[in-house]
Protein chains: 2
Amino acid sequence: MTRKVTIRDVARRAGVSVGTASRVINGSGNVAAELRQSVERTIIEIGFQPNSAAQSIRSGTSRTIGLLVSDIRTLRLAHLVRGAQTELERAGYGVFIACHENDREREAQALQFLSRRRIDGLIHSNCNDRETEGDATAPGMAVPTVVYDRDGPEHADLVQIAHDAGIRQAVEYLAGLGHRRIGLITGPGFMYPARSRIEGLRAALSDAGLPFEPRNVSATSFGEAFVDVSNMITRPDRPSAIILGGASMLGGALRAIRAQRLEIPRDLSLVAAGDSELAQLATPAITVVRWDMEEIGRACATALLSRIKTPDAPRRRLLVDPELVVRGSCAALAANLRAAAAE
Amino acid sequence: MTRKVTIRDVARRAGVSVGTASRVINGSGNVAAELRQSVERTIIEIGFQPNSAAQSIRSGTSRTIGLLVSDIRTLRLAHLVRGAQTELERAGYGVFIACHENDREREAQALQFLSRRRIDGLIHSNCNDRETEGDATAPGMAVPTVVYDRDGPEHADLVQIAHDAGIRQAVEYLAGLGHRRIGLITGPGFMYPARSRIEGLRAALSDAGLPFEPRNVSATSFGEAFVDVSNMITRPDRPSAIILGGASMLGGALRAIRAQRLEIPRDLSLVAAGDSELAQLATPAITVVRWDMEEIGRACATALLSRIKTPDAPRRRLLVDPELVVRGSCAALAANLRAAAAE
DNA sequence: TTGTACGCGTTATCAA
DNA sequence: TTGATAACGCGTACAA
């Protein structure tokens, strides 16, 4: 176990003062060329590494960003994280990743943990954006914050997906195929995405001259896709097309559809909001509304970096427009009816 | 921007010395009940959070673990990370995640970065375990280290998958189905998994009384699965069964097989080493040799924690046995031949 | 241009 | 049991 090597060791060995050594290390102030070289050589020789904790305590900045999401095992969040990470590391920041797993308590703990680490900024995807009062009182929340795809607290910058616009694209596409009863199954209403999607559905249906039917909308808890889809597709007046809000629902939805012996797209058209490996690999491949999580991660990072640079700038909101990717899970309604009648 | 609140603020406001405040905060030493309560109340009132950088600089320990893998966008690595993270957080450690993306330079940079942060331990999955001499000289490598699924440097503890045993299970299963020409396609030989798999194949074939044919083994770079599989299955004496080493190869392999208009399992049996969503969802579902990445992440964490506790304990090696999960991608050879003849 | 010395927030030692 | 104070490693104001 070698004892740690400090800037004093460098100074002593190079025959200079710690001040000079520090100036060489940070490139601040002028240092004679010969001394500089001597110090630089010494640093390499004895393998000196500045202690970032000491730097942090001295400078009041930790060069660390906190990144708090539900779970990096979710592929799209892993992509978000990587996008943010590359951008932040490029700027010299380290990234502390924490997962709240949609548990308010865990989230609070993580926030407190990050606060003790004196993070310089936070990228946060809350697990509940309707009750952020807890966070407001939470210590360390005055830190520059970018909230991803949630309605964050007052002081935070926002990076959000325009889910309403995505739903609109899906509805226009489906309406163009002749569908008149379009269902939406999405997550719980205490998070921005679900609210935005429902709003988008309402507007898009109205524009298409179609009625908004509350029974064709299901906004409940996660992981219940099987149940929600089953309920919706077993009704006699079931929708002929369903929009699935949330990529994590696709598995359950497909199982439900299969269990009812419905065939996609013959008996039911399906659009998923959010791309996934499953959507690409399913047969038929699922038509989706998608956005690039890695790019969004980078966007969160740059937003945060500029917020850190100019803390008093007005609050910003970045809205990312999704893109419709047509694959094989939707059929024109006429064909749909024909096939159904032929059975 | 509220000024940071320090332990001195707590002490002053509670009317005690910083020493007493510190003792209350850390639960070290005895403090009179009334003083303790007063301090505790004050801490909550003014929202004091110990500055972990200062704690670190004082105690010489950062309560931080570095976790260096190729890429958390790989689902199984995300699982490993979460497993390790939960275990380490439970023990009061924060986890600094870095990705080297199989680039030696990035890896060195990450190592240096983590070293400056004075991590107390490292969980590392090297991108090349045949040239670790660079790491040895790298500063900060004296830190307690657990290497995952690589042949790490001398001082590191090892957590490895028994890939050889996994291949053996696959070979025994395939041989039992009548297969005599069994191919193996795996990653580059400068990493432990490929070496272990080839070794396992050799031993298992020998035990089954089958010849080891070098041309039925392909150990090249990643991401070339399509090419490697194509080459192997277009040969006139192609194997009747292929073992795929590395879950990331499955996509390319399936495309290659499809491109040759071979049908699984009729024309070709397939076993994948490493489970994946794709393996479960493909039709037919792919028979795999699998292991639980989250459990392994936890194992890495506990190994590291005990290493930190007892730095001088002898080097340990944990070998995890894979498990064969039979699904639908393998057929008895007889049926295979019959079908082929009927074409 | 260089060196000295102080302070960052904390813990630990030592006297009281 | 409590308080005063030294140290941890570093950056920087100030003096030389």
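By convention in this document, chain letters (A, B, ...) are assigned in the order of the sequence lines, proteins followed by strands, and residues within each chain are numbered from 1.
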Figure out the CZ/C1' separation between A:R36 and C:dT2, and round it to whole Å. 13 Å
Side-chain contact check for B:R8: nearest option of C:dT10, D:dG9, C:dT13 is C:dT10
Does B:N26 have a side-chain nitrogen or oxygen under 4.0 Å from the phosphate oxygens OP1 or OP2 of C:dT11? yes
For DNA chain D, whose closest nucleotide is more 5', that of B:A54 or that of B:A33? B:A33
d(CD1, A:I7; P, C:dT4) in whole Å: 14 Å
Would you mind classifying the nucleic acid contact of A:I25 as base, sugar-phosphate or nothing, using non-hydrogen atoms under 4.0 angstrom? nothing
Test: B:R195 and B:D151 ion pair at under 4.0 Å: yes
Whole-Å distance between D:dC10 C1' and A:R63 CZ? 16 Å
With the side chain of B:T6 defined as its heavy atoms from C-beta on, choose the nearest nucleotide among C:dT10, D:dT5, D:dT2. C:dT10
Residues B:E89 and A:R106 bridged, charged N to O under 4.0 Å: no
Is A:R76 paired with A:E294 through a side-chain N to carboxylate O contact shorter than 4.0 Å? no
Start with the C-alpha gap between B:V146 and B:L158, add the side-chain angles, then the distance that decides, and say whether side chain to side chain contact (heavy atoms under 4.5 Å, CB included) holds. CA-CA 6 Å; B:V146 169; B:L158 266 28; over 6 Å; no
Rounded to whole Å, please give me the gap between CG in A:N51 and C1' in D:dA7. 14 Å
Given atom CZ of B:R12 and atom P of C:dG9, what is their separation to the nearest angstrom? 11 Å
Inter-residue atom distance B:N126.CG - B:R104.CZ, 0.5 Å rounding: 8.0 Å
Just to confirm, is there a sub-4.0 Å distance from OP1 or OP2 of D:dT1 to any side-chain nitrogen or oxygen of B:N30? yes
Within 45 degrees of the ring normal and closer than 6.0 Å to the centroid, is that where the cationic atom of B:R63 sits relative to B:Y93? yes
Which of these nucleotides, C:dT10, D:dG9, D:dT2, is closest to any side-chain atom of B:T20? D:dT2
5'-most contact on DNA chain D: B:G19 or B:R118, nearest heavy atom basis? B:G19
If I take atom CZ in residue A:R117 and atom P in nucleotide C:dT10, what distance separates them, rounded to the nearest angstrom? 14 Å
From C:dG7, C:dG9, D:dT5, nucleotide with atom closest to B:V18 side chain: D:dT5
With a 4.0 Å cutoff (strictly under), does any side-chain N or O of A:Q55 reach OP1 or OP2 of D:dG11? yes
Closest nucleotide among C:dT10, C:dG3, D:dG9 to the A:K4 side chain: D:dG9
Check whether any side-chain N or O of A:S17 sits under 4.0 Å from OP1 or OP2 of C:dT2, and answer yes or no. no
For the side chain of B:R23, counting heavy atoms from C-beta on, which of C:dT2, C:dT13, C:dT10 is nearest? C:dT13
Where the side chain of B:A32 is concerned, which of D:dT2, D:dC10, C:dG9 is the nearest nucleotide? D:dT2
Could you state the CD1-C1' distance from A:I57 to D:dC8, rounded to the nearest angstrom? 8 Å
Can you tell me how far P of D:dC8 sits from CG of A:D9, to the nearest Å? 11 Å
Could you check which of C:dT2, D:dC8, C:dC8 has an atom nearest any side-chain atom of B:R58? D:dC8
